[in-house]
Structures are given as C-alpha cells and as structure tokens.
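Just so you know, these numbers come straight off a predicted model, no measurement behind them.
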Amino acid sequence: MKTGEWLTVAILEKIRQDRNTGKALVATNGKPAVSAEDASAVLALLERLQGMGIEPPDRMKKQATTLVRKCMTSAKRGNV
C-alpha cells in the first residue's frame with residue numbers, strides 16, 4: 001500500500017470512528033446531522049495535506065464537499 005493510500009484509509013477510519021462515537025451527531029429525518037466543527041475539521045485536514053504537498057484523492061474531496069453540504073443543510077433546518 002502506498003503512503004497516500006494508507007493516509008486516505010487512516011483519515012477515513014478516523015472520521016468513521018468519530019461518527020460511531022456519536023460525536024456531535026443529531027438525528028433528523030432518519031439522517032444524522034453534521035456539526036460545523038466536523039466539517040471544519042475535515043476541511044482543515046485537507047488544507048494540511050495540500051500544505052504538505054499531498055494532493056488529496058478526488059474521492060476524499062468529494063466526501064468533504066458532501067460533508068459541508070450536509071452541515072449547511074442541517075444549519076438551514078436549525079439542527080446545528
């Protein structure tokens with residue numbers, strides 16, 4: 001496994017673990033809301049990777065975008 005692949009897996013596993021512990025998650029319409037803190041942490045992580053000269057995989061960028069959109073939707077509904 002290449003370093004970039006390992007890093008991607010490690011990041012995704014950390015995100016999954018945080019979600020599984022129930023950190024800042026609220027049930028809304030059967031779907032978990034996403035906190036602004038979670039979205040901010042993911043974006044900061046992507047910035048750090050890019051700052052180190054590591055281009056995050058497109059899949060990770062897409063997941064971050066989805067996370068931010070969920071956060072915005074939750075905020076609009078008043079769940080965050």
| query | Is there a chain of hydrophobic side chains (I, L, V, M, F, W, Y, each step under 4.5 Å between heavy atoms) that links L12 to V68? | reply | no
| request: Could you pull out the closest heavy-atom pair between A41 and R48, with the gap in Å? | output: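 Of all heavy-atom pairs spanning A41 and R48, the closest is O-NH2, 4.4 Å.
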| task | Check the surroundings of atom NZ in K61: do more than 12 heavy atoms from other residues, nucleotides or ligands lie under 6.0 Å from it? | result |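 Correct, the count exceeds 12.
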| side-chain contact (heavy atoms from CB on, under 4.5 Å) with M60: which of T8, L7, L45? |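 Among T8, L7, L45, the one meeting side-chain contact (heavy atoms from CB on, under 4.5 Å) with M60 is T8.
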| I15 versus Q63: any side-chain heavy-atom pair under 4.5 Å? |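 No - every pair of side-chain heavy atoms lies 4.5 Å or more apart.
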